[in-house]
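Just below is one structure, and these are the notes that go with it.
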Amino acid sequence: MVIFPQLRLRRLRRTETIRRMIQETRVEAGDLVYPLFVQEGKGVKQEIPSMPGIYRFSPDQLSAEVEEIAGLNIPGVILFGIPEQKDEVASMAYHPEGVIQQAIKSIKKTVPDLLVLTDVCLCEYTSHGHCGVVSNGDVDNDQTLPLLAKTALSHAEAGADIVAPSDMMDGRVKIIRETLDKASYQQIPILAYSAKYASAFYGPFREAAESAPQFGDRRSYQMDPSNVREALREVEEDIAEGADMVMVKPALPYLDVISRVRTIFNHPLAAYNVSGEYAMVKAAAQQGWLDEKRTVIEILTAIKRAGADIIITYHAKDFIRWSASV
Ligand code: PBG
């Protein structure tokens, strides 16, 4: 056995070139997906106060943004909608002229090769802000399923490339797969938000998307942050129902979950570096308390090192610009 003084691990850290050669994890543009908030209306480009650098766009204002994203070699965007009207059954989530359906068509016209992922959920479209149909004070799983399926189908019809259900209902992947297949959308993959936790880190998103629940919270459908074995059961359920890819969300406080899912399953794995994670970095950087560039590179590298193949992040554009300048 070689030990000190023959063994010296610092030998391989001596120069930048050696460090580069033995680097185990490198985040690339191709790993990233950029979230976009689309608001119904015209002429809207409005910065989200708790998420500096992130805007809500109306569908007619998207072209410059998606050209920039595609120009940075980011392979895809994931869309979240802010409709003008909300009701008990989230009608605007599956309306053929809904805000997301308009946005998909507009993006596909501008940059046909940019992958368009859609968040399939009802919370932005319901008057009460919950992710499904409310009955007797709780979200009713089975009444929600057909609405989610209708929503996913309408996204596919508008031209979405991948649908990503984030509602956490049991059985949603199965009904979405069946619905898409019946309508000849067999080629559209499902990225399931499988292990989605009831997290405080979604705060800025809910402000951005106007989707905070009007009563109660989401703990009867999203997961308890204490649990990791349950996350594996959620992933197992979604894979059994036909998910092509699975997700852990949030990312940074759940690196152990990402790592466990990576070890046990072979499906492509996404991690969502959520709004609160972004807001924390931005706020500290604005105060001069953190070096934003180094912090972001370290965070995204850690998420990939834990086992994520795909990272959904609001930092995507900055990250690519910074890595190009290194
Ligand atoms: C919709 C949804 C949420 C996020 C993604 N999809 C909010 C929630 O569940 O309340 C959060 C994303 C983020 O915080 O960046 N259900």
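For ligands, and for the atoms within them, numbers begin at 1 and follow the listed sequence. FYI, side chains are in, hydrogens and waters are out, and symmetry mates aren't considered; it's all heavy atoms of this structure.
Every side chain to side chain contact (heavy atoms under 4.5 Å, CB included) that Pro59 has, sequence neighbours left out, goes to Val38, Val99, Gln102.
Between Tyr197 and Tyr254, the ring planes lie parallel to each other; the angle is under 30°, not in the 30° to 60° tilted range.
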Give the table of side-chain donor-acceptor pairs shorter than 3.5 Å for residues 183-193, with sequence neighbours excluded, one pair per line with atom names and distance.
unit_1 : atom_1 : unit_2 : atom_2 : d
Tyr193 : OH     : Asp119 : OD1    : 2.6

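Taking every heavy atom of both residues into account, Pro35 and Thr313 meet most closely at CD-O, 3.3 Å.
For residues 154-171, every residue pair satisfying the salt bridge (charged side-chain N to carboxylate O under 4.0 Å, His left out) rule, not counting sequence neighbours, is listed here: Lys108-Asp161, Asp167-Arg172.
By the 4.0 Å N-to-carboxylate-O rule, Glu16 lies close enough to Arg19 to be salt-bridged with it.
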Give one line per pair: atom of ligand 1, protein atom, distance. Only N/O to N/O under 3.5 Å.
unit_1   : atom_1 : unit_2 : atom_2 : d
ligand 1 : 6 (N)  : Asp119 : OD1    : 3.3
ligand 1 : 6 (N)  : Lys249 : NZ     : 3.3
ligand 1 : 9 (O)  : Lys196 : NZ     : 2.7
ligand 1 : 9 (O)  : Gln222 : NE2    : 2.9
ligand 1 : 10 (O) : Arg206 : NE     : 2.7
ligand 1 : 10 (O) : Arg206 : NH2    : 2.9
ligand 1 : 10 (O) : Arg218 : NE     : 3.0
ligand 1 : 10 (O) : Arg218 : NH2    : 3.3
ligand 1 : 14 (O) : Ser275 : N      : 3.3
ligand 1 : 14 (O) : Ser275 : OG     : 2.7
ligand 1 : 15 (O) : Ser275 : N      : 2.8
ligand 1 : 15 (O) : Tyr314 : OH     : 2.5
ligand 1 : 16 (N) : Ser166 : OG     : 3.4
ligand 1 : 16 (N) : Lys196 : NZ     : 2.9

